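Here is the structure we will look at.
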Amino acid sequence: MTDPMTDPMTGAARSGDQPADDTACHILHVDMDAFYASVEIRERPDLAGKPVIVGSPSGRSVVLSASYEARRFGVRSAMPASRARRLCPQAVFIPPRHAVYSAVSRQVMAVFRSVTPLVEPLALDEAFLDVSGAERRLGSPAWIGAAIRRQVEAEQGMTCSVGVAPSKFVAKIASVHCKPDGLLVVPRDGVLGFLHPLPTSALWGVGERTGEILARLGLRTVGDIAHAPVATLQHNLGAAVGSHLAALAWGRDPRAVTPHAPDKSIGAEETFATDISDPDVVRRELLRLSERTARSLREAGCVARTVTVKLRLANFTTMTRSRTLAEPSDLARKIYATACALYAGSGLDRQARLRLVGVRATGLVPASAAATQLAFGDRPAGWREAEQAMDRIAERFGNGKVRPAELWRNM
Amino acid sequence: MKFQVERDVLADAVAWTARALPARPAVPVLAGMHLAAAQQLTLSTFDYEVSAQASVPVITDEEGTVLVSGRLLAEIVRSLPARPVEMSTEGTRTTLKCGSAVFTLMTLPDDEYPTLPAMPPEAGAVGADILASAISQVAIAAGRDDTLPALTGIRMEIAGDTVTLVATDRYRLAVRELHWQPVKPDMSAAVLVPARVLVDAARSLTTAAEVTIALSAPGDDGTQREGIIGFEGGGRQTTTRLLGGEYPRYQTLLPSEFNAVAELTAAPFAEAVKRVALVAERNTPVRLAFSAGELMLEAGAGDEAQAVETVEASFDGEDLQIAFNPQYLLDGLSAIDSDTARVSFTTPTRPAVITGKRGEDGPPDYRYVLMPIRSAG
């Protein structure tokens with residue numbers, strides 16, 4: 001999720017202005033506008049035009065997505081929910097429904113893939129596209145970007161923004177700059193004019209820490225970085241980061257769009273409202289997260305080879321423990337049993353207070369390729385069927401209508 | 001103690017007895033081989049679980065007993081030239097002479113060596129080769145997971161002149177029936193013998209024509225809580241402790257009705273499974289598709305390597321697709337001991353039964369029951 005920024009005057013052109021020269025700008029970055037919030041608003045028209053925040057309203061969770069009405073109050077993604085509530089008390093908080101978002105995401109990605117096979121998803125709501133092979137068939141990159149925007153809006157009733165540029169990182173910055181509901185072409189000879197006035201934080205890889213170091217060197221814009229000696233950058237940031245930033249500042253980004261499996265892992269984590277030391281409560285949370293993880297696995301049509309548990313202590317010390325399953329699985333029951341064993345084997349003493357627990361499934365393989373050796377006495381219909389039945393109930397009546405008895409307590 | 005013995009006779013007896021030497025002895029004396037010279041020479045080893053004892057003819061000059069390192073004695077005897085061997089004990093030293101070679105061995109404290117369990121009462125006798133082949137047929141299905149100790153055993157059920165051997169690891173089940181000559185014609189017993197020990201015992205007794213089985217089931221004898229089983233043949237005897245624990249009620253696992261039956265020539269079927277399985281990753285199946293007159297075997301999926309092969313098969317039933325762990329399937333095909341494999345099915349998620357081709361006289365004496373693999377999709 002990216003935030004709208006004021007559009008600096010550059011050599012770039014927004015859609016609707018004079019058509020910019022998009023020759024050799026064959027990289028598209030497509031980013032859904034306030035994706036989770038838009039999905040929710042689409043399903044509840046009464047929310048249209050209101051500040052909507054997706055994220056659990058409890059004090060210590062974070063904002064996953066905010067509608068542009070909420071952003072006007074300063075609400076941003078990844079901001080603590082408590083702060084968002086202070087900034088925008090009238091906002092409607094909606095608990096996230098990841099299953100729905102991934103379903104919509106798959107449909108949106110399908111639109112991208114109808115344009116080019118070279119689609120590199122970055123998240124559920126954004127992807128890079130290399131359209132160099134589609135130009136003869138579909139038209140110029142800007143034309144293709146506009147067509148994608150029309151099709152997504154027609155099919156999903158949601159808007160997206162498209163950055164068109166000669167390289168990936170410029171395309172990404174371009175889409176940020178035309179949000180929401182825009183298209184921005186950065187022509188090849190306009191790249192430096194576009195980049196150099198931007199603050200250093202616009203560059204990929206410049207976070208808080210790197211930004212501080214750059215500020216200490218007196219470098220505030222991308223242009224400052226471009227004109228600083230590479231040796232100075234390398235000396236202060238390390239050889240690799242220094243030369244990387246120098247290259248980006250001159251618009252050099254040779255990375256190709258590489259399609260890959262969108263999901264390398266599936267998981268869920270939960271920050272407790274207050275730090276927890278009761279192992280029963282921790283295990284109950286692991287069960288809930290295992291249920292969620294397993295459902296996402298089944299939705300994605302995947303089974304996981306490895307289960308990882310993440311435990312964050314009150315002092316933010318974080319540990320992860322993994323175990324590979326005898327057979328890849330998408331069953332909550334198995335994931336939960338493994339997660340509990342990992343938790344038990346973590347060596348935490350009973351007084352250890354946990355701030356966050358997470359369950360993650362990795363080593364994903366398509367379920368069609370996975371197999372279960374049946375044992376004598378296995379019931380022909382077992383936990384797999386029970387959990388699939390839960391999936392169908394959740395589809396019709398909503399999540400959590402059927403859940404393990406353990407999770408009916410204290411809910 | 002002093003005796004003379006033929007080199008080959010001694011070598012065979014020492015090698016056989018040394019099988020029961022523990023790799024990591026619980027107490028040092030268990031690393032010893034006990035020799036007792038009287039009219040015969042009796043060699044013994046014991047690791048509290050398994051005992052082995054062999055008797056060979058010797059010329060005894062002076063009766064007596066000695067305990068020496070079993071591993072060292074076995075290595076020495078194996079390397080001796082083909083000349084008569086003389087062994088004698090003086091004080092704490094034992095001397096072994098063969099041709100011009102002379103070895104001096106330290107003796108271990110004989111009086112600390114445990115008494116071997118007494119051979120239980122004889123229960124019956126069976127041909128040594130029949131027993132060995134029957135046991136190897138079922139042992140392939142025995143579990144290797146020590147967390148389920150009962151499944152690491154072979155169950156022996158005795159009902160009159162019929163012995164039924166059963167093993168299962170929860171994924172497959174092997175059942176073999178054989179006839180023997182019981183001492184009491186109405187004998188009835190069921191015991192669980194560690195599979196590894198039983199295979200070894202049966203194989204090592206095939207030098208004899210017939211093997212005597214001796215049994216004291218748990219509770220038979222007030223002094224022995226766990227019960228032991230003994231095997232004896234050709235001057236050799238071995239005992240082992242029986243396993244405890246509940247054994248699954250395997251009869252209920254044997255399907256009684258089938259929807260389809262295939263008959264294939266066993267060797268080409270097994271060869272095809274081996275070839276196709278080359279592309280099957282760990283834990284992934286070979287998929288079998290049976291239709292009239294043929295079987296198509298497939299393995300591998302998706303982006304990975306794949307293999308397909310077709311073999312002739314007579315098939316009676318509706319077209320059927322089923323998948324198995326290739327190694328489990330091969331184990332069964334090699335165990336049926338028949339040119340023709342007969343595979344019976346109910347459904348793709350129910351057990352299949354592999355047998356040799358049925359003889360004229362009723363049901364086959366060996367059945368290998370195999371659970372399929374179900375794809376998660």
Side-chain angles (χ1 to χ4, degrees), chain A residues 117 258-264 266 293-307 323-335 337-338 341 361 363-391, chain B residues 141 143 145 147-148 151 166-175 246-255 279-287 298-306 321-329 346-353 369-377:
Chain A
T258 43
H260 58 82
D263 294 320
K264 286 180 192 152
I266 285 178
T293 304
R295 193 177 325 122
S296 307
L297 279 171
R298 291 192 294 269
E299 257 171 27
C302 287
V303 286
R305 287 207 178 94
T306 305
V307 173
R323 181 171 297 172
T324 298
L325 304 169
E327 279 176 345
S329 178
D330 59 1
L331 288 187
R333 200 177 137 78
K334 244 187 210 166
I335 293 171
T338 310
L364 304 190
V365 282
S368 54
T372 314
Q373 169 69 56
L374 300 173
F376 292 116
D378 280 353
R379 286 194 238 165
W383 285 103
R384 155 166 295 280
E385 285 69 19
E387 293 193 8
Q388 282 168 346
M390 285 167 64
D391 290 348
Chain B
D145 180 359
T147 59
L148 298 168
L151 296 188
V166 185
T168 179
D169 61 2
R170 295 175 67 239
Y171 307 116
R172 56 246 174 95
L173 167 76
V175 182
E246 277 294 294
Y247 202 75
R249 284 148 40 102
Y250 72 92
Q251 290 91 341
T252 60
L253 304 178
L254 290 165
V279 302
E281 302 240 356
R282 205 173 71 86
N283 290 331
T284 66
V286 286
R287 302 183 296 279
E298 272 184 290
D303 303 334
E304 323 254 307
Q306 299 175 32
Q321 279 159 23
I322 192 164
F324 294 110
N325 174 315
Q327 191 52 52
Y328 292 175
L329 184 56
T346 44
T347 72
T349 55
R350 307 287 300 160
V353 181
V369 188
L370 174 58
M371 284 303 283
I373 284 179
R374 176 176 56 184
S375 70

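To find a chain, count down the sequence lines: A is the first, B the second, and so on, and within it residues start at 1. These numbers come from a predicted model, not from an experiment.
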- line: Distance col, row Leu374(A):CG vs Asn325(B):CG, nearest 0.5 angstrom, shows 11.5 Å
statement: When the 4.5 angstrom heavy-atom criterion is applied to Pro351(B) and chain A, the contacting part is side chain
- prompt: Should the heavy atoms of other residues, nucleotides or ligands under 6.0 Å from CD of Gln321(B) be counted, would the total exceed 12?
  reply: no
message: Within a 6.0 Å radius of atom CD on Glu246(B), are there more than 12 heavy atoms belonging to other residues, nucleotides or ligands?
response: no
- line: Okay, Phe324(B) and chain A: the region with an atom under 4.5 Å from a heavy atom over there is neither
message: Less than 4.5 Å to any heavy atom of chain A: does that hold for the side chain of Thr252(B), its backbone, both, or neither?
response: neither
task: Would you name the heavy atoms of Gln373(A) and Met371(B) that are closest together and state the gap between them?
output: NE2-O, 3.0 Å
message: Could you work out, with side-chain contact (heavy atoms from CB on, under 4.5 Å) as the rule, every residue matching Thr347(B), not counting sequence neighbours?
response: Asn259(B), Thr349(B), Arg350(B)
Any side-chain heavy-atom pair of Val369(B) and Phe376(A) under 4.5 Å: yes
